[in-house]
Amino acid sequence: MSNTESSVSEQHEIRREKLHKLRELGYEPYPYDFEVTHKSKYILDHPKLIKQDDQDEEDVEKVSVAGRVMTRRIMGGSTFFNLQDSEGTIQVYIRKDDVGEEVYNKVFKELTDIGDIVGVKGHVFETGTGETTVWAKEFEMLSKTLRPIPVPKEVEEDGETKVYDAFTDKEQRYRQRYLDLVVNPEVRKVFEKRTEMVQAMRNYMNDKGYLEVETPILQPIYGGASAEPFVTHHNALDMKLYLRIANELYLKRLIVGGYEGVYEFSKDFRNEGLSRFHNPEFTQVELYVAYKDYNWMMDFVEAMVESVAKALHGSTKVQVGDNEIDFARPWPRIPMFEAIEDETGKDLYDKDLEELKAIAKELNIELEENFGKGKIIDEVFEEYVEPNLIQPTFITDYPIEMSPLAKKHREKEGLVERFECICNGKEIANAFSELNDPEDQRERFEEQAQLRAEGDEEAMTIDEDFLQALEYGMPPTAGLGIGIDRLAMIMTDSDSIRDVLFFPQMKPEK
RNA sequence: GAGUCGGUAGCUCAGAUGGUAGAGCAACGGCCUUUUAAGCCGUGGGUCGAGGGUUCGAUCCCCUCCCGACUCACCA
């Protein structure tokens, strides 16, 4: 970044001089407030505001708008400029004859730059070319900018809108998201959609009577997922703490405590690589409902996500890249081994480790020494099945080795009652009938500890406190996790997680 | 972590097969009271990502590094 370098400081220096000149003239460049009566979009949407030829100016409703100056077309004693506020952009017409020579020539023409935040007050009219415009009778500087903003230009050419000089450098856009938001308004829309999505889910769960809760981010024992944690240290207690990788075990303690439905939108942290699908901190919502199982949870997930799609798009259909994804219920439910057999012709069920290794080799799956049965099956699934699942699909009944917190399948030996929802080739939800048998849970933890001892750094550690909670009795419970960033990517047609995070993790600038 | 491509003015980009760089917009000085990438005349602005090497001379060639995008590997 070179914003502190010489060439900027030319423009920077000039703007500082303008700032001082404003003060000298008695115009505060950073006033305390400004009464905004109308947003740009409202004005454009309400033609009744436009002054008619047979109307007197005094009889027309006055509007007061504020925002950033984005373009200027100065013609001597009058000027058109575009003002951008949170809702859009509206053109403003300002004349020396209306606002006075000092305000027009000095404050506006000489001392206002593109990017400055200003307020105007006047009536709405239509120009000769039919553009709805605010005729400024008053003009006020609301915040003088010292740095030039990137100034994209939009122009109609042959009926198409072309954008020149767009602010497109992805690194700069992520590092200076505030500028990205100013200059690329569609970016704001993506984040508004994300918030709408979260609200829709929150409302949906509240309507069912579930309680939104908060659980610790700093945890003495991390658990609930397979991942490497971030480690930190508490000085006063002189103890190691981990940033949570999941909140599952705490929410289940709350179910033990008697709540019958709890959920949390949880920022989780995993100390792993970055990619267009992975950020070190990410958000998921976890939900636990007592007396339910994973079959019930599938019904719940498809109903909730369908309603979210409708809330955001007015339809169950969402265009994502080249795919039209339809969230209309019901979604297919395919047992994992069936799905694998459908794609590969191989039945992996009830095979021992050596048999699985042989099959994996036939399927050109690269294996590492320490891969267990569950891991191999997962590799085959991810390679051959997952990418092909575009429409939302439940994959059910996972190998027990992969799911130490899920209840054993009521019928199928060696499996657990777990499902993932795959959509657009990626997992967006993960759920199971929660394991509430404390002795079984202890055995599963011990198996994990064994894996850990053998070098699997992502295997879980034994959480005695959680086991003790289970020993006090947890009702049958269905649990769910939905990746909010992943779902937001789908709902906003974004192909990178960075496009649905305001401030994605970046390497620090040198 | 590996591979590919890239980093030139505030923004978007061009360019020189080695002789220290251009355009449009932005900025600055003018003209211009219904424009819309407003227009017209004029001016300034760059250690060409950083460091080192080769060379009379490097932004260009070589090496190292930094940053990014994309793809691949682990994880959601």
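Residue numbers start from 1 in every chain, and the chains themselves are labelled A, B, ... in the order their sequence lines are given, proteins ahead of strands.
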Rounded to whole Å, please give me the gap between [atom1] in [X] and [atom2] in [N].
X	N	atom1	atom2	value
A/His12	B/G45	NE2	P	19 Å
A/Phe81	B/U35	CZ	C1'	13 Å
A/Arg173	B/A69	CZ	C1'	12 Å
A/Lys109	B/C28	NZ	P	12 Å
A/Glu379	B/C72	CD	C1'	14 Å
A/Lys426	B/C74	NZ	C1'	11 Å
A/Lys170	B/C67	NZ	P	19 Å
A/Leu274	B/C70	CG	C1'	15 Å

Exercise. Please state whether the rings of A/Phe502 and A/Phe191 are parallel, tilted or perpendicular, taking 30° and 60° as the class boundaries.
Key: parallel

Quiz item: Angle class for the A/His46/A/Tyr42 ring planes (parallel below 30°, perpendicular above 60°, tilted otherwise)?
Solution: parallel

Base, sugar-phosphate, or nothing: which does [X] touch, judged by heavy atoms less than 4.0 Å apart?
X	answer
A/Thr79	nothing
A/Phe125	base
A/Glu17	nothing
A/Ile149	nothing
A/Gly128	base

Pair [X]-[Y], side-chain donor/acceptor within less than 3.5 Å:
X	Y	value
A/Tyr93	A/Glu131	no
A/Thr89	A/Asn82	no
A/Asp499	A/Tyr174	yes

Practice problem: Output the residues of residues 275-285 of chain A in contact with RNA chain B, where contact means a heavy atom of the residue under 4.0 Å from an atom of the strand; sort by number or write none. | Solution: A/Arg276, A/Phe277, A/His278, A/Asn279, A/Phe282

Quiz item: In residues 91-107 of chain A, which residues come under 4.0 Å of RNA chain B by heavy atom?
Solution: A/Gln91, A/Tyr93, A/Arg95, A/Asp97

Taking the minimum atom-to-atom distance to the side chain of [X], which one of [options] wins?
X	options	result
A/Arg175	B/A38, B/G68, B/U34	B/G68
A/Trp135	B/U35, B/A27, B/U34	B/U34
A/Arg73	B/C11, B/A26, B/U35	B/U35
A/Ile14	B/A27, B/U35, B/G68	B/A27

Given that both distances must come in under 3.5 Å, which nucleotide forms a Watson-Crick or G-U wobble pair with [N]?
N	result
B/G68	B/C5
B/G18	none
B/G42	B/C28
B/U47	none

Self-check item: Presence of donor-acceptor pair under 3.5 Å, side chain of A/Thr127 and base of B/U35
Solution: yes

Taking the [atom1] atom of each, how far is [N] from [M], in whole Å?
N	M	atom1	value
B/U12	B/U4	P	26 Å
B/U8	B/G1	P	24 Å
B/A58	B/G15	C1'	16 Å
B/G46	B/C63	C1'	26 Å
B/C65	B/C70	P	23 Å
B/A16	B/A21	C1'	8 Å
B/A50	B/C67	P	15 Å
B/G19	B/U59	P	11 Å

Quiz: residues 421-430 of chain A side-chain donor-acceptor pairs under 3.5 angstrom, not counting sequence neighbours:
residue, atom, partner, partner atom, Å
A/Asn424, OD1, A/Asn323, ND2, 3.2
A/Asn430, OD1, A/Arg418, NE, 3.0
A/Asn430, OD1, A/Arg418, NH2, 3.4

Quiz item: Can you list the residues that meet the ring-ring contact (aromatic ring centres under 6.0 Å, His included) rule with A/Tyr250, with sequence neighbours excluded?
Solution: none

Exercise. Let me know, please, whether A/Arg498 or A/Glu272 comes out on the 5' side of the other along RNA chain B by nearest nucleotide.
Key: A/Arg498

Quiz item: If you pin A/Arg72 and A/Glu427 to their nearest nucleotides in RNA chain B, which one's is more 5'?
Solution: A/Arg72

Self-check item: Intermediate values then yes/no, side-chain contact (heavy atoms from CB on, under 4.5 Å), A/Trp331 and A/Val301
Solution: CA-CA 10 Å; A/Trp331 304 347; A/Val301 168; 4.0 Å; yes

Quiz item: Restricting to pairs with a member in residues 71-84 of chain A, which pass salt bridge (charged side-chain N to carboxylate O under 4.0 Å, His left out), not counting sequence neighbours?
Solution: none

Quiz prompt | Residues forming a side-chain hydrogen bond (donor to acceptor under 3.5 Å, both in side chains) with A/Lys62, sequence neighbours excluded | solution = none

Quiz item: Do A/Phe432 and A/Tyr398 have ring centres separated by under 6.0 Å?
Solution: no

Quiz item: If only side-chain N and O atoms of A/Lys18 are considered, is one of them under 4.0 Å from the OP1 or OP2 phosphate oxygen of B/C28?
Solution: yes

Self-check item: N/O donor-acceptor pair under 3.5 Å between A/Arg188 side chain and A/Asp180 backbone
Solution: no

